[in-house]
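So the structure is just underneath, and the comments pick up after that.
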Amino acid sequence: MTVDLLLGLQWGDEGKGKIVDVLTSSYDIIARFQGGPNAGHTLEFEGNKHVLHTIPSGIFHPEAVNIIGNGVVIDPVIFKKEIENLAPYGINFSEKLLISKKAHLILPTHRLLDAASEAAKGKAKIGSTLKGIGPTYMDKTGRNGIRVGDIFAPNWDSKYKKLITKHLELLKNFEGFEVNDIYALEEEFLTSIKALKKFKLVDSENYLHQAQKAGKKILAEGAQGSLLDIDFGTYPFVTSSTTTAAGACTGLGIAPNKIKEVYGIFKAYTTRVGSGPFPTELFDDYGETMGRVGNEFGATTGRSRRCGWLDLVALKYAIKINGVTQLMMMKGDVLSGFDKIKVCTAYQTATGIQDYFPFDITDEQIKPIYEELAGWEEDLTKMTAETEFPQNFIRYINYLENALETPIKIVSVGPDRAQTIHR
Ligand code: GDP
Ligand code: IMO
Ligand code: MG
């Protein structure tokens, strides 16, 4: 039995949460493979809007099992709040939500280290979500981290105290950074750890291997986006995990030869939250309209997202790295009323025209080369079939499929679960 993957092809916030929720009815298991509460995955259905940070986006389907994989980093404080927010839905968590014992824990001092490190960088800051993601993955690769399974270990107290003490020492190196009320933070953390103990902690790779053997259908859910990948993203303005397809192998224990479909999600334009290069970024009315109509505010931090035209150089790069087999295009509805639509087909760099994503995009002076397509006036949000689409929107879709050499199988025309058109 095979596993399908769903991941973002841009700088995150492509609409992964919405599509995972839409697809869950065809799967038995939804498994998050990396990232942590830096993610904000928005789901809308039946008049409800919900933002998930750590919990997989299949959680509203009572028949599906949701797994938080070993590649995820968990802040028990945020996790507890997420669970509390879900109380009205009567979800059977003990049966439907499993957590890998190997997932790493975000301590309150990881969050402080994130804040201190960003403050020390000044203007060069990453623009992190300040959720402690970088320091937690550093402790994981530095072999100092604490894992979810450790909360039941006899030496939990000493492990935890040792790491907190180490972090507090490290924090002294950040001049001018003050640690306020560490006791309150610790109390909140330890209360949340108690709450975490009530959940089902599993060897999720083993669970998934058995599920595969039993013929269960599994969908792996990515967080962030390919251009935020620690290796392939716009380094150093990236997150600290493998957001690309390989992350599903390491973050869930799924063998590469078991992966079948790779669903790549992108917006009909581009957004980015936080610092870092963004060649097609707009500072004009078009960008302003994308942000306003698209309601482009971070689901986790509330920061406004930078907006720009679609970048095919970046998208082709992401499709290759992930081995995308099917595309899903989100938010085409936001572009209704634009008199023209531009897409970047190549970059003009100091050394000439380039159609490959450059190594040091951060330092390169890049001028995007655009192709211009006709816009459309019609409101797409109430359309329920492809046959209702305006001609110029169909032309945009066909143009992209051609350029990207990959079929666009889902077109999303609004945030609601129902505003989804399968092709
Ligand atoms: P994720 O992190 O990839 O799950 O995406 P986010 O939830 O952070 O951001 C996507 C935003 O766009 C959310 O507010 C969604 O409700 C919204 N959204 C998703 N698909 C569409 C769409 O097709 N049209 C519009 N207008 N909004 C959408
Ligand atoms: P979802 O899953 C968009 C960005 C941050 C920052 C950089 C590093 O909702 O698509 P971090 O806190 O990870 O150290 O921040 O990555 N970032 C995201 N941007 N969507 C996300 O997740 C993001 N998670 C992190 O803004 O630029
Ligand atoms: Mg998001």
Side-chain angles (χ1 to χ4, degrees), residues 6-22 32-45 48-54 56-57 72-73 75 106 110-111 113-115 117-118 125-138 221-230 233-241 243 265-278 290 292-306 328-336 379-381 383 410-421:
L6 181 140
L7 38 81
L9 299 178
Q10 297 162 316
W11 280 288
D13 302 331
E14 296 89 351
K16 298 175 290 294
K18 169 182 164 161
I19 294 297
V20 170
D21 171 59
V22 166
R32 253 286 289 276
F33 59 85
Q34 46 66 236
N38 47 350
H41 294 180
T42 314
L43 286 69
E44 283 192 40
F45 55 91
N48 299 309
K49 178 174 165 170
H50 217 91
V51 181
L52 297 167
H53 302 287
T54 323
S57 302
V72 177
V73 289
D75 183 333
I106 303 177
H110 282 128
R111 270 187 272 133
L113 283 165
D114 198 357
S117 157
E118 284 284 81
K125 71 175 182 182
I126 307 293
S128 101
T129 58
L130 302 178
K131 303 294 178 200
I133 304 298
T136 306
Y137 279 113
M138 279 164 72
E221 173 180 4
Q224 289 77 56
S226 304
L227 304 177
L228 288 170
D229 182 89
I230 183 72
T234 45
Y235 193 88
F237 299 99
V238 294
T239 190
S240 299
S241 65
T243 61
I265 296 212
F266 69 102
K267 279 179 189 166
Y269 48 99
T270 310
T271 64
R272 169 163 209 170
V273 60
S275 330
F278 180 176
M290 287 169 187
R292 183 171 34 81
V293 179
N295 195 22
E296 295 295 356
F297 296 95
T300 294
T301 58
R303 291 179 293 176
S304 57
R305 297 178 183 140
R306 301 152 65 192
M328 294 164 176
M329 185 172 85
M330 316 299 285
K331 296 192 118 168
D333 55 292
V334 174
L335 300 181
S336 289
D379 176 10
L380 308 179
T381 57
M383 296 186 178
I410 285 182
V411 176
S412 169
V413 293
D416 195 273
R417 193 190 263 175
Q419 293 168 301
T420 312
I421 294 165

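Just follow the structure's listing: the first ligand is 1, and inside any ligand the first atom is 1.
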Inset, instruction - Please state whether the separation between the Mg ion (ligand 3) and some N/O/S atom of Ala39 is under 2.8 Å? - result: no

Inset, instruction - Measure His41 to ligand 2 on non-hydrogen atoms and call it side chain, backbone, both or neither using the 4.0 Å cut-off. - result: side chain

Legend entry - Val238, portion touching ligand 2 at heavy-atom distance under 4.0 Å: backbone

Legend entry - Check: Gly17 N/O within less than 3.5 Å of ligand 1 N/O: yes

Legend entry - Geometric N/O contact Gly12 with ligand 1, under 3.5 angstrom: no

Would you kindly specify which portion of [X] sits under 4.0 Å from ligand 1, judged on non-hydrogen atoms: side chain, backbone, both or neither?
| X | answer |
| --- | --- |
| Arg305 | side chain |
| Thr381 | neither |
| Lys16 | both |
| Glu44 | side chain |

Legend entry - Closest approach of any protein heavy atom to atom 15 (O) of ligand 2, naming residue and atom: Ser128 CA, 3.3 Å

Inset, instruction - Please say whether Thr129 places an N or O atom under 3.5 Å from an N or O atom belonging to ligand 2. - result: yes

Legend entry - ligand 1 atoms in contact with Met330 (distance to a heavy atom under 4.0 Å): 20 (N)

